[in-house]
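Here's the structure, in structure tokens; my notes come after.
By convention in this document, chain letters (A, B, ...) are assigned in the order of the sequence lines, proteins followed by strands, and residues within each chain are numbered from 1. Atoms considered below: every heavy atom in the structure, side chains included; atoms not considered: hydrogens, waters and symmetry mates.
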Amino acid sequence: DTGVSQDPRHKITKRGQNVTFRCDPISEHNRLYWYRQTLGQGPEFLTYFQNEAQLEKSRLLSDRFSAERPKGSFSTLEIQRTEQGDSAMYLCASSVSGSLIQGTGAREQYFGPGTRLTVT
Amino acid sequence: DAKTTQPPSMDCAEGRAANLPCNHSTISGNEYVYWYRQIHSQGPQYIIHGLKNNETNEMASLIITEDRKSSTLILPHATLRDTAVYYCITGGNDMRFGAGTRLTVKP
């Protein structure tokens, strides 16, 4: 296991269709994050899991978006009834959880190559 | 919104040090400063992080001011492969990336 992997790398879909992306984190990492990135912008945080628990969701994560991490390993991000505005790169990252003694408990995140979604 | 401010672009000559500044005046006492970079069409790559003390690793050095309101990422001998967008981020689990600094290393 050399890093975070994402599948598919590219997805073209028609407006109104549902799509699902998969992320496989680094095997010993218990935290998994999803981000969205549009052209010319930095990644925008969507949500993160610690093990199988979804601990935080951004207001960007509308009710058409759902993420799961059923066994605390891989995760899926589903977008229902896609819209053209959903076209973006969807990035996954993983990390270990940090020590609360050190502060926020966050640790460095390792990103996958992303899934580029195009909604036509 | 991102909690950091970075210049939109910088140039650096190959072999010279690249010094990338970041302002994070609203950082709280227990928030780390993280630096990532993103080469075109790839996911962001972790570079370095720090809390109060200066840090150095095989990729870069991080200098954090005593008041922690700003920091500088130093690439000691920039190469053409260091051309990328560099992001400075503070905080915890919900990292908020800004637009970053586009560093261009020129021969």
### Task
Please flag which part of A:Gln37 lies under 4.5 Å from any non-hydrogen atom of chain B: side chain, backbone, both or neither.
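Contact with chain B is through the side chain of A:Gln37 alone.
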
### Query
What part of A:Pro113 is in contact with chain B, defined as an atom under 4.5 angstrom from a non-hydrogen atom: side chain, backbone, both or neither?
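Contact with chain B: backbone only.
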
### Query
Can B:Thr65 and B:Asp67 be counted as having a side-chain donor-acceptor contact under 3.5 angstrom?
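Their side chains do contain a donor-acceptor pair, which is all the 3.5 Å distance test asks for.
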
### Query
Under 3.5 Å, is there a donor-acceptor pair linking the side chains of A:Thr47 and A:Gln54?
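Indeed, the side chains of A:Thr47 and A:Gln54 share at least one donor-acceptor pair under 3.5 Å.
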
### Query
Can you tell me if A:Arg31 uses its side chain to pair, donor with acceptor, with the backbone of A:Ser94 under 3.5 Å?
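Side chain of A:Arg31 to backbone of A:Ser94, a donor-acceptor pair under 3.5 Å: no, none is there.
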
### Closest-packed option against chain B by number of heavy-atom pairs under 4.5 Å, given A:Pro43, A:Ala93, A:Gly112
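When all of A:Pro43, A:Ala93, A:Gly112 are compared, A:Pro43 has the most.
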
### Query
Testing B:Arg102, B:Lys106, B:Arg16 for salt bridge (Lys or Arg N to Asp or Glu O under 4.0 Å) with B:Asp11, which one passes?
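When salt bridge (Lys or Arg N to Asp or Glu O under 4.0 Å) is applied between B:Asp11 and each of B:Arg102, B:Lys106, B:Arg16, only B:Lys106 qualifies.
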
